[in-house]
Amino acid sequence: MSSVLDRASSAPVARATGRPRRRTRLLALPEARWALAALVLFLVALPVHLLHGPAWLSGTLFAATYATGGWEPGWAGLKALKDRTLDVDLLMVVAALGAAAIGQVLDGALLIVIFATSGALEAVATARTADSVRGLLDLAPATATRLLPDGTEETVDAGHLSVGDTVVVRPGERVGADGRVTDGTSDVDQATITGEPLPVARRVGDEVFAGTVNGTGSLRVRVERDPSDSVIARIVRMVEEASGTKAPTHLFIEKIERRYSLGMVAATLAVFAVPLAFGDTVQPALLRAMTFMIVASPCAVVLSTMPPLLSAIANAGRHGVLVKSAVVMERLGQTDAVALDKTGTLSEGTPRVTDIRPLAASGLTGEELLRLAAAAEHPSEHPLARAIVDAARDRRLTLPPVTDFASTPGTGVCAKVAGRTVVVSRPARLPDRASAAVAARLEEQGRTAVVVTVDGVPVGVLGLADRLRDEAGSAVHALARLTAAAPALLTGDNEPAARALAAEAGITEVRAGLLPQDKAGAVREMARAGRKVLVVGDGVNDAPALAAAHTGVAMGRAGSDLALETADAVVVRDELAAIPAVVRLSRAARRLVIQNLVIAAVFITALVVWDLAGTLPLPLGVAGHEGSTVIVGLNGLRLLRERAWPTDHPVDSVTRDLRRGLRVRHRGHR
């Protein structure tokens, strides 16, 4: 049959489906339900209050807002008091009740809603972490086919396998346990464990891992590790431990909240008690104390932190970076070391033909060699075969007829192409000196080499490799400038391939052949040296490192579900240039936070001094307090502007100039 490769080849890679993914629903969390109820009640009460509706109605709605949004933080604060800890949430509940006591019901309700929402967001983040750990378990198959001594087979729970059992792994199935091949040959996709971009040949004596996907061959595997100690199980434990032991990086204001809370409570009591001691009456003293509590309330201080960070999150989202929380946005700016995964992160994650080397004695041109190889590989579904066929399609080569196709797992393919026997195989199959020398040189350069033979005679060698992303070099350079140190490359791929790609990207520190626990160990080693490590990855094998890092970033398009959920941020469009940009944006947000804290401190200090040294009218105190809140809020919103997104990318500069020119022309026409 004759075919012209003018259509995209299909990619039959299917995500294995087993047990359904388990994800906590938002409203399944009580914190989210109470926060939503408080918000709805507040929004209903607000127009009634502003339009001077019935006092009993607005009062009832505001009371319900206080109850639904304030009981959880209030109760948690009371429990914290038993441990002699003053929680700022309890302080906010007291401030809200104090505001209500002197007629400022709206201010108090707003405080309640803000803090209930904050608690709900924290609960959602915690639940998502638990979901990501549970999602790991879905990688390992629920059942396995165990071979009995009499030769019969039985299906058993994979968790009930024992060391010494033999399991049968058929084509397309996931390996049920860590073990060693005792019979059969196949290509096994180990990307979930090692991150290698291509399936690896597995023969008798080779080790395989639970959760990896078998190719077209059938394997018999002797179990060598208890299921509870498999690589997948160890990944689960590492993610759980990292998520549970990693101390949260508090926002700047949270670092001083305890002292501020204690000082505010003590000062409020003093403002009330001291005038009484000097003969003042209860009502003026109480009014002064409540005014003090209002003007000293840390609303402006809280808003000093959140608007800049939330604005930065929104701006990053518009540019394809999903930052999961304000805490993460703050952490990004603290980065002083970066570790990058290779496959799917620094590289595109799919093999491509990079070298076409016809042997001199064959008399073939490069296109003729590629045409023969692509024709023989056309019926195959192997990733290397698809890469060779894609290369021929890109050159619009017409393939000759193919018959008698046969594929040998772990070795290569054989087919009749226009009446000649064409074999495309690994170099070890045909140890011809000329082809072996070419293949060796390619492999030294980090390529995967395949030998093409026609009627038993080697005619050429093809080199395939994972291709570096176009923007990888500039992103690595930008990250090196931000952290004053070049990023490190952590990969499960082989050393020559890793070093070749690293050299192309400008990376000198390379750690290759790493299993997931090795990657996490390397990150912890950097952390012990005092570095705040940003890890960028995309696969299941990157999850422990992402969890152990100070900040983890996942590539979104090809990223595994686990990596996306474990990471603190996701680059949705897979643009490496967005990573240094979001780090700079985080640092800009932190500068605005500090500016806002200074503004809030000036307002609070001035109003408090006025209240203590003179007589601050309550309406003026509320106006000053709310005015400072508005100022810091608007200052934080500056990061929503388009030009707040930092970039060194020349394309972005050109686009910006074009947009500016169009605006000028538009104004001229008007």
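Please read all numbers here as calculations on a predicted model, not as lab measurements. Residues take their numbers from the sequence shown, with the count starting at 1.
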Would you call [X] and [Y] a salt bridge, taking side-chain N to carboxylate O under 4.0 Å as the test?
{"X": "Asp455", "Y": "Arg420", "result": "no"}
{"X": "Arg511", "Y": "Glu509", "result": "yes"}
{"X": "Arg531", "Y": "Glu525", "result": "no"}
{"X": "Arg203", "Y": "Asp206", "result": "no"}
{"X": "Glu207", "Y": "Arg225", "result": "yes"}
{"X": "Glu495", "Y": "Arg499", "result": "yes"}

Side-chain donor or acceptor of [X] paired with backbone N/O of [Y] under 3.5 Å:
{"X": "Glu471", "Y": "Leu576", "result": "yes"}
{"X": "Asp165", "Y": "Leu161", "result": "no"}
{"X": "Thr354", "Y": "Gly463", "result": "yes"}
{"X": "Ser380", "Y": "Glu377", "result": "no"}
{"X": "Thr335", "Y": "Ala337", "result": "no"}
{"X": "Asn214", "Y": "Glu173", "result": "no"}

### Task
Taking atom types as modelled, find out whether Asp336 and Thr483 have a side-chain donor-acceptor pair closer than 3.5 angstrom.
no
### Query
Checking salt bridge (charged side-chain N to carboxylate O under 4.0 Å, His left out) for the pair Asp341/Lys519: CA distance, chi angles, key distance, verdict?
CA-CA 9 Å; Asp341 173 49; Lys519 285 189 177 184; 2.9 Å; yes
